[in-house]
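Per chain, numbering begins at 1; letters A, B, ... match sequence-line order.
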Amino acid sequence: MKEDLIYEILSVVEEIPQGNVATYGQIARLIGREKNARLVGKALSVAQYYGDYPCHRVVNHAGRLVPGWKEQGELLKEEGVPFRDSTHVDIKKCIWDC
DNA sequence: CCGCTGACTTAAA
DNA sequence: ATTTAAGCCAGCG
């Protein structure tokens, strides 16, 4: 079921240390679905519905924050994530080293 | 049932 | 450095 996918993704997202961020591709690779990065984003969108997860620590490969989300930047700042600008984080420095 | 869109990524030209 | 193409899955009209 797709819920299993949610579980795997959420498990990984939950493992992301504070002050770091992970990319969809990174997570997708960890869960064994390298090509399913899109599903990770989709799953995260429903992840909030499943429970409270740090989905704000997950950004795209460019470090671009989720479109249409205002608090994400603030949340990441609170965790000490370096920002390049209001909508992009310095993923180079805060990328989750797995 | 078909096709498009989307919190995506990587490789190649 | 920038643009194109392709790959994958789920939801919606």
Side-chain angles (χ1 to χ4, degrees):
Chain A
M1 296 175 69
K2 53 186 176 182
E3 294 187 358
D4 297 328
L5 184 58
I6 303 287
Y7 274 126
E8 301 198 67
I9 294 170
L10 276 285
S11 300
V12 175
V13 172
E14 196 172 37
E15 287 294 306
I16 301 173
Q18 181 179 39
N20 284 199
V21 296
T23 69
Y24 299 98
Q26 183 71 59
I27 295 172
R29 201 178 296 216
L30 291 173
I31 67 177
R33 289 173 174 71
E34 186 176 348
K35 311 282 172 45
N36 299 39
R38 290 182 119 128
L39 282 305
V40 178
K42 223 65 156 201
L44 284 174
S45 63
V46 302
Q48 291 180 80
Y49 179 77
Y50 275 71
D52 296 309
Y53 289 88
C55 38
H56 58 266
R57 289 186 193 147
V58 185
V59 297
N60 69 354
H61 80 109
R64 203 257 259 168
L65 301 181
V66 176
W69 199 353
K70 302 163 186 174
E71 298 182 341
Q72 185 173 26
E74 297 296 305
L75 293 168
L76 292 172
K77 270 185 178 181
E78 286 287 311
E79 299 192 347
V81 175
F83 272 71
R84 275 203 311 208
D85 62 62
S86 303
T87 54
H88 294 73
V89 303
D90 195 339
I91 193 168
K92 277 283 201 191
K93 299 180 189 289
C94 65
I95 181 67
W96 178 34
D97 295 318
C98 183

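Residues L65(A) and L76(A) form a side-chain contact, since some pair of their non-hydrogen atoms from C-beta on lies under 4.5 Å apart. Side chains of L39(A) and R33(A) form no contact here, defined as non-hydrogen atoms less than 4.5 Å apart. Between Y24(A) and L44(A), the closest side-chain pair of non-hydrogen atoms falls below 4.5 Å.
Side chain of Q26(A) to main chain of W96(A): no donor-acceptor pair is present (N/O by atom type, distance under 3.5 Å, no hydrogens or angles). When atom types are taken as modelled, the side chain of E79(A) and the backbone of Q18(A) share no donor-acceptor pair closer than 3.5 angstrom.
Shown here is Y50(A), whose OH atom has more than 12 heavy atoms of other residues, nucleotides or ligands within 6.0 Å.
The minimum heavy-atom distance between V59(A) and Q72(A), with the atom names listed, is CG1-NE2, 4.0 Å.
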So if I define the base as every atom that isn't primed, P, OP1 or OP2, how would nucleotides 7-13 of chain B read as a B/S/- string at a heavy-atom cutoff under 4.0 Å?
BBSS---
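For the P atoms, the distance from dG7(C) to dA7(B) is 22 Å, rounded to whole Å.
The footprint of chain A on DNA chain C, defined by a heavy-atom cutoff below 4.0 Å, extends from dG7(C) to dG11(C).
Paired with R84(A) under the rule side chain to side chain contact (heavy atoms under 4.5 Å, CB included), one option of V89(A), D90(A), I91(A) passes, and it is D90(A).
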